[in-house]
Every structure is written in C-alpha cells, then in structure tokens.
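Some notes on the structure that comes next.
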Amino acid sequence: MAMLMFAAQLSFAQQNVIAINVQDAKYTINKNIYGHFAEHLGHCIYDGFYVGDTSKTIPNTNGVRNDIIAALKKLKVGTLRWPGGCFADTYHWKDGIGPKNKRPAIVNKWWGGVTEDNSFGTHDFLNMCEQIEATPYLAGNIGSGTVQELIDWVQYVSSDNKNPMSDLRKSNGREKPWNVKFWGVGNEAWGCGGNMVPEYYVNEYRKYATFMTDWTNSDKIFRIASGSNSADYHWTETIMKNIPANMVEGVALHHYSVIDWGAKGPSTTFNEQQYFTIMQRALFMDSLVIKHSAIMDKYDPQKKVALVVDEWGGWYEVEPGTNPGFLYQQNTMRDAMIAGITLNIFHNHADRVRMANLAQAVNVLQAVILTNKEKMILTPTYHVMEMYNVHQNATMLPVTIKTNDYVFDNQKLPAVSVSASKDKDGVTHISLVNIDANKIQNITINVNGAKYNNVSGSILTSKKLQDHNSFDNPLTITPAAFNDVKLAANTLQVKLPPFSVVVLTLK
Ligand code: AHR
C-alpha cells in the first residue's frame, strides 16, 4: 500500500502542466513566420529549384521543378528570401535579366567558387514565387553594389509608371510589375556583407533606405535592416537608437543551432551529447528573442518594427563526399525537434517576431526538400512546418508551462515546449514538442476560457532520433494520426512519446 502511494505521488510529481489562457489572446501569428530562404548556394537554386527549361527528364514550368512548386504550395510558404545570404552582397541583379545566352557568367566566390551563369534571375524568381504563392523578399546588395543599383531594382520590379526601369522590364517580357514589398538592406553587414561596425552600418542603411521609396502607390515598402549575429545586443541597440522609426520596418536576427563552428558534428550519425547540445542552441532562440525585443521595446514601445529572424536552423558537417562549399546535409528527427521548438518560440513572441526564414528551402542546411536528379523527398522539417501551418494568421493564445527536465550528463533542458492559437473559424490548435530522447511525457493541459467537444491530432516521431527520409526510403518519417489524448470539458491529458511533435485540433 505504502509503495503504491509512493508510486502515485511520483507520477504526480512527474506530470507536466500547461495552462492556455484564451481570455488573454491579443496578437496574430503572422504567416510570414513560415518563410524560407533560397540562396545561390550549392544545389539550392541550380539542380534544386531550377533545372532549366530544356530539362527532358524533370517536369518543370519555365525551368522550375513542378514537384517542388506543388510541395511548397502545400506547405503555405510565407516569404521567400532571395538571392542570399552572403551571395546577395556580391549580386548585381542586371546580370540576371534579358536573354539567357547573353547573361554574363561570374564566379560564386562565397559558395564553392563555382560558375554562376545567371540563368536564374529576377524574372525567374518572382514568377516562381507567384506559382508557389509565396511572398518575395529580395535581399539588396549594399556590400558591393550602389544606391542607384538598388533603387533601380526596386523600380524594375514594382513600378507601373513610364520610366527607364519599367520600360526595361516590359522589354524583357513582363508587362505588369510584381510589386515587391519586402527588401533586405544588406545581409550580415557585420560579416560577409562588408565587415562593418554597427555605427558605420546605420549610416549606410539610412542612405540606402532614403532612396528606396515606394513606387507602387499601394502597400508601403518594408525595409529590413541587417541584424545581429545571435547575441550581439549592441548591434540591435545601435540600429534602434540611430535609425529613425519612419525609415525601418524590420530588424533582422540570424541564429543557427551549431555545436561548434570548428566541429559541427554529423547530420545523421550524431550521439546524444551532440543532440542535447543542438537542443540547447535551438532553445537559446527564446532568450535571444526576449533580449533583442526588450531593446526594441525601449525605442519602439508600440512594436511597429518587426523582429525578422531571416536565417535560422541546424548547421552540421556536410554529407561525406559532397562539396564543403555547398552545405548539403541530411535532416533527421533532431531537425524536426528544432523546427517544432523554434516555431513555438516564434508563436509565443508573435507581438514582435513577424517574419522568419528557415535556412534554407532546398538542398542546403536544414532544408525542407532534398533532390537527387529526378527524385525529390520531403524532410521531417517539412512535415513539422506543414503540421504547424494551421497556426498561420490565427490568434496566439498565451501559455504558461511547468515542464519536466530532459536530463543528460548532469545538464538539463525543459522537456516540453508548447504554443497555441485560435483560427478565424474558432478552432484551437495546440502544438507540443517533447525533446527528451528517452522519456515519455504525460501532460495535463487546462484551457482557461473555452470548452470543447472534440479533439483530434497528428504526430511526427520515429524509432530513432537519427532516422531520416532518404531517396530509397522517402516515407520513413511521415505524420500519423495521434490518439494518446483525452478531453474532459476544458482539460486534456496527453501522452507524448520521446522526441515527438504533436499538433492537436480542438473544436
Ligand atoms: O545560410 C548560409 C549562410 O549563412 C548565409 O549565406 C549567410 O548569411 C549566413 O552566414
């Protein structure tokens, strides 16, 4: 009897408890948090998105793979950032317009020193965004470009008036402008974008932003300042202090989950120590968002300027035998964990984080799609982003959580992560992640301020953390129906397997 009581107390002590406070809902989860990034890097564009319109073996539309278009449309991509990354500050957009056989070939000096023939340019990218139904986000070159070059680009893609740039666009076969709203004013200005100090960058920014007027007379242009490298809070402080509020709509932040830049570890054959460290790095995003937001709050208490996390994801060693400059890596359940917890963090900070771009969409870093000639596979990260897209444009429901620890080698991390939202039809979605590599988590969820009749769910998990989809076994990891949930009025009891992602739907 005494033993039984002890066991009962122990299991009570191990219960995770979540409260969802419907009455405190205030902010919308911006669809653009579900953005991606497509750089001229490795096989992201060439032999990734773009196979050329002469390809006989891979069905395509104007050279862009039809299977990728369909998969990304289904994913409901927010913004798609292009052409870099580091490549952006070497890119001269006029090289990529007009007849393809007349375009200059250059060397891609950042990524593998390969020849860039400029066959994929502005028209190819913006037409592709229309097909995917993604919102384009162009990264401007302020590192090696000029103010004139950037404002010409703005005019080329967005002006409907008669002027040299819209005439040039029309002569290249596009009558109506694409009306591009989102613009990056440089990329990683502290590093590959020019090795600037923030005090210098803010003046450069102000100069470029002044001339990037809105040529559309419709939606205003949205200018994004090159932001901090992870925890460089001085960078954010300098930007917010020195750029007038009417000159900036977004401030970027880049943070990768990497064990050590000198020893990144393998993408599939990692051990639990390496897994734990990557989880630590990914969870650090919460602290980054809180601290950068606090600085932004000082200068912009009304939260007009968005925090734009336009590069995030896991970064490992490249797959053996592949070009080190191509950043090609596999994608396992570990990546599904990164995606689940990071999106939960973005949701829970929907007041300030209004755009994010996973690095990168196809064949590079934490990709959602991998290709090999005519084959294409969807990664575990793809599946998490698809399961989660029910939160897009829904109202974020604030949560509080008391979670067990995931303990490894005397270190601990919160095991359970959660976010919730209510969509325009009144349906509530709750996304849960258990990062513990070994233990099941029992969770009680109390939804304060709502009652439901019905719950259903989907789950992404696998036998081993290292499991992944391959070209021979593309369906090893796919979402399945989730039944380990019980609903009584406004309380749920959920049992999450180790390293799993679950999305619940409550009606
Ligand atoms: O995503 C790969 C690279 O990482 C990008 O080009 C750069 O911005 C960052 O350092």
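Here the structure is a predicted model, which means the values were calculated and not measured.
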> Does Val455 have any side-chain contact (heavy atoms from CB on, under 4.5 Å) partners at least two apart in sequence or in another chain, and if so, which?
Replying inline: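 With neighbours one apart ignored, the set is Val485, Leu487, Leu492, Leu504, Leu506.
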>> Going by side-chain contact (heavy atoms from CB on, under 4.5 Å), name the residues that satisfy it together with Asp425, two or more places apart in sequence or in a different chain.
In response: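 If we apply the side-chain contact (heavy atoms from CB on, under 4.5 Å) test to Asp425, skipping adjacent residues, the hits are Asp423, Val427.
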> Excluding sequence neighbours, so at least two apart, what forms ring-ring contact (aromatic ring centres under 6.0 Å, His included) with Phe284?
Replying inline: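 In terms of ring-ring contact (aromatic ring centres under 6.0 Å, His included), with neighbours along the sequence ignored, Phe284 is linked to His255.
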> Taking only residues two or more places apart in sequence or in another chain, which ones pass ring-ring contact (aromatic ring centres under 6.0 Å, His included) with Phe276?
Replying inline: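 Partners of Phe276 under the ring-ring contact (aromatic ring centres under 6.0 Å, His included) test: Tyr406, Phe408.
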> Does anything in residues 458-468 pair up under salt bridge (Lys or Arg N to Asp or Glu O under 4.0 Å), and if so which pairs, sequence neighbours excluded?
Replying inline: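 Not a single pair qualifies under salt bridge (Lys or Arg N to Asp or Glu O under 4.0 Å).
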> salt bridge (Lys or Arg N to Asp or Glu O under 4.0 Å): which pairs involve residues 225-238, sequence neighbours left out?
Replying inline: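 Counting only pairs at least two positions apart or across chains, the salt bridge (Lys or Arg N to Asp or Glu O under 4.0 Å) contacts touching residues 225-238 are Glu237-Lys298.
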> So, do Tyr382 and Asn331 sit near enough that their side-chain heavy atoms are less than 4.5 Å apart?
Replying inline: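 No, too far: nothing below the 4.5 Å cut-off.
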> Side chains of Tyr316 and Thr268: closer than 4.5 Å at any heavy-atom pair?
Replying inline: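 Not touching, per the 4.5 Å side-chain cut-off.
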Check the side chains of [Y] and [X] for a donor-acceptor pair under 3.5 angstrom, ignoring hydrogens and angles.
X      : Y      : result
Thr236 : His292 : yes
Ser226 : Asn187 : no
Thr371 : Asp47  : no
Ser267 : Glu319 : yes

>> Does Tyr137 form a side chain to side chain donor-acceptor pair (under 3.5 Å) with Asn32? I'd like the steps, not just the answer.
In response: CA-CA 10 Å; Tyr137 165 15; Asn32 289 335; over 6 Å; no
>> Tell me whether Lys241 at atom NZ has more than 12 heavy atoms from other residues, nucleotides or ligands lying less than 6.0 Å away.
In response: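 Check fails, neighbour count at 12 or below.
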>> With a 6.0 Å cut-off (strictly less than), is the heavy-atom count around NZ of Lys76, excluding the residue itself, greater than 12?
In response: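 Atom NZ in Lys76 is not crowded, with 12 or fewer foreign heavy atoms closer than 6.0 Å.
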Test of understanding: with side chain to side chain donor-acceptor pair (under 3.5 Å), list the residues that count as partners of [X], not counting sequence neighbours.
X      : value
Asn344 : Tyr388, Ser417, Ser419, Ser431
Thr61  : Asn66
Gln392 : none

>> Please evaluate residues Asn229 and Trp235 with respect to the criterion side chain to side chain contact (heavy atoms under 4.5 Å, CB included), reporting the C-alpha separation (whole Å), side-chain torsions for both, the decisive distance (0.1 Å), and the verdict.
In response: CA-CA 8 Å; Asn229 178 14; Trp235 187 278; over 6 Å; no
>> Under the side chain to side chain donor-acceptor pair (under 3.5 Å) definition, can you give me all pairs with a residue in residues 33-42, not counting sequence neighbours?
In response: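 Found Tyr34-His347, Glu39-Trp111, Glu39-Gln360, His40-Trp82, His40-Glu116.
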> With Glu311, which residues qualify under salt bridge (Lys or Arg N to Asp or Glu O under 4.0 Å), at least two apart?
Replying inline: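 Glu311 satisfies salt bridge (Lys or Arg N to Asp or Glu O under 4.0 Å) with Arg81 only.
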> Can you list the residues that meet the disulfide bond (SG atoms under 2.5 Å apart) rule with Cys129, with sequence neighbours excluded?
Replying inline: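 Per chain and number, Cys129 pairs via disulfide bond (SG atoms under 2.5 Å apart) with no residue.
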> Among Ile445, Val494, Val418, Val416, whose side-chain contact (heavy atoms from CB on, under 4.5 Å) with Asn16 holds?
Replying inline: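 When Ile445, Val494, Val418, Val416 are each tested with Asn16, the side-chain contact (heavy atoms from CB on, under 4.5 Å) holds only for Val416.
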>> Checking side-chain contact (heavy atoms from CB on, under 4.5 Å) between Leu307 and each of Asp351, Ile295, Val353, which is the one that passes?
In response: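 So, applying the side-chain contact (heavy atoms from CB on, under 4.5 Å) to Leu307 and each of Asp351, Ile295, Val353, only Val353 qualifies.
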